[in-house]
Participant: 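What follows is a single structure, and I will ask about it in a moment.
A quick note: this is a predicted structure, and the numbers were derived from the prediction, not measured.
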Amino acid sequence: MVAPLLDVLVVLVFALVGRRSHAHGITLGGVLETAAPFLCGTAAGWLLASLALDSSPRSWQFGAVVVAATVVVGMLLRRLAAAGTAPSFIVVATVFLTVTLLGWRLVARALSSD
């Protein structure tokens, strides 16, 4: 039950940092509006990984599916909503989400193998 919450937390932090760095204001509604397309992608990734993989949600394989879906679905939904999808944003979002969504999984794995 912790894994999906950590993924949601990562996406919310991504939205929060993005809004702060671009001076869009930090409000609950604003953060949720920014995060919503990516949260849809995260949910899609969880569904796809759960159906297609026989691995733990804490595995890097599961995480890779979640990352890909989060970025692809998130960007597609932003594009449909006429929100920003500049190439630099796509790169930054992909790097941040890859490092954080896979990062917590790698840390969890390292801590559990002690």
Side-chain angles (χ1 to χ4, degrees):
M1 187 64 178
V2 172
L5 295 177
L6 287 173
D7 285 345
V8 167
L9 180 62
V10 162
V11 173
L12 291 173
V13 167
F14 166 69
L16 182 70
V17 168
R19 290 189 65 82
R20 184 169 188 266
S21 68
H22 293 287
H24 290 302
I26 306 297
T27 64
L28 180 59
V31 171
L32 292 176
E33 180 182 338
T34 301
F38 298 100
L39 290 171
C40 290
T42 303
W46 266 81
L47 179 61
L48 181 60
S50 296
L51 295 173
L53 300 176
D54 189 26
S55 59
S56 164
R58 290 176 30 180
S59 72
W60 72 266
Q61 296 93 336
F62 197 101
V65 172
V66 172
V67 167
T70 300
V71 172
V72 171
V73 172
M75 291 302 170
L76 288 173
L77 290 174
R78 283 182 62 87
R79 182 79 165 184
L80 289 172
T85 56
S88 59
F89 175 64
I90 295 170
V91 170
V92 168
T94 301
V95 170
F96 182 93
L97 292 168
T98 299
V99 168
T100 54
L101 289 170
L102 292 181
W104 77 254
R105 287 172 166 86
L106 295 174
V107 169
R109 182 176 177 180
L111 292 176
S112 69
S113 66
D114 288 341

Participant: Compare every heavy atom of A44 with every heavy atom of V73, then report the nearest pair and how far apart it is.
Facilitator: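 Looks like CG2-CB, 4.4 Å.
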Participant: Measuring from atom CZ of F14 to atom CG of L9, what distance do you get when rounded to the nearest 0.5 angstrom?
Facilitator: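 Result: 14.0 Å between the selected atoms.
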Participant: Among the clusters formed by ILVMFWY side chains lying less than 4.5 Å apart, do L6 and L16 turn up in the same one?
Facilitator: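 Hydrophobic grouping puts L6 with L16.
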Participant: Check the hydrophobic clustering (I, L, V, M, F, W, Y; side-chain heavy atoms under 4.5 Å; chains of links allowed) and say if L12 and F89 are grouped together.
Facilitator: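 Same cluster.
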Participant: At what distance, to the nearest 0.5 angstrom, does CZ of R79 lie from OG1 of T85?
Facilitator: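 R79 atom CZ to T85 atom OG1 measures 4.5 Å (nearest 0.5 Å).
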Participant: State, to 0.1 Å, how close F62 and S55 come at their nearest heavy-atom pair, and which atoms those are.
Facilitator: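 Heavy-atom minimum between the residues: CD1-O, 3.9 Å.
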Participant: Are L106 and L53 linked, directly or through other ILVMFWY residues, by side chains that come within less than 4.5 angstrom of each other?
Facilitator: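 No; L53 is not reachable from L106 via cluster members.
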Participant: For the pair V72 and L76, evaluate side-chain contact (heavy atoms from CB on, under 4.5 Å) and give the outcome as yes or no after the intermediate values.
Facilitator: CA-CA 6 Å; V72 171; L76 288 173; 3.9 Å; yes
Participant: Of the non-hydrogen atoms in P57 and W104, which two are nearest, and what is the gap between them?
Facilitator: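 What the structure gives for the nearest pair is O-CH2, 4.4 Å.
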Participant: For residues 92-102, please give each side-chain donor-acceptor pair under 3.5 Å, one per line with the distance, not counting sequence neighbours.
Facilitator:
residue: T94; atom: OG1; partner: I90; partner atom: O; Å: 2.7
residue: T98; atom: OG1; partner: T94; partner atom: O; Å: 2.6
residue: T100; atom: OG1; partner: F96; partner atom: O; Å: 2.7

Participant: Side-chain polar contacts of residues 27-38 - donor-acceptor pairs under 3.5 angstrom, sequence neighbours left out - could you list them?
Facilitator:
residue: T27; atom: OG1; partner: G30; partner atom: N; Å: 2.9
residue: T34; atom: OG1; partner: R19; partner atom: NH1; Å: 3.1
residue: T34; atom: OG1; partner: G30; partner atom: O; Å: 3.1

Participant: Establish whether L39 and V13 are linked, either directly or via other cluster members, by ILVMFWY side-chain heavy-atom contacts under 4.5 Å.
Facilitator: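 Yes.
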Participant: Test your reading of the model: is there a side-chain donor-acceptor pair from R105 to the backbone of W60, 3.5 Å cut-off?
Facilitator: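 The answer is no, because no donor-acceptor pair under 3.5 Å joins these two groups.
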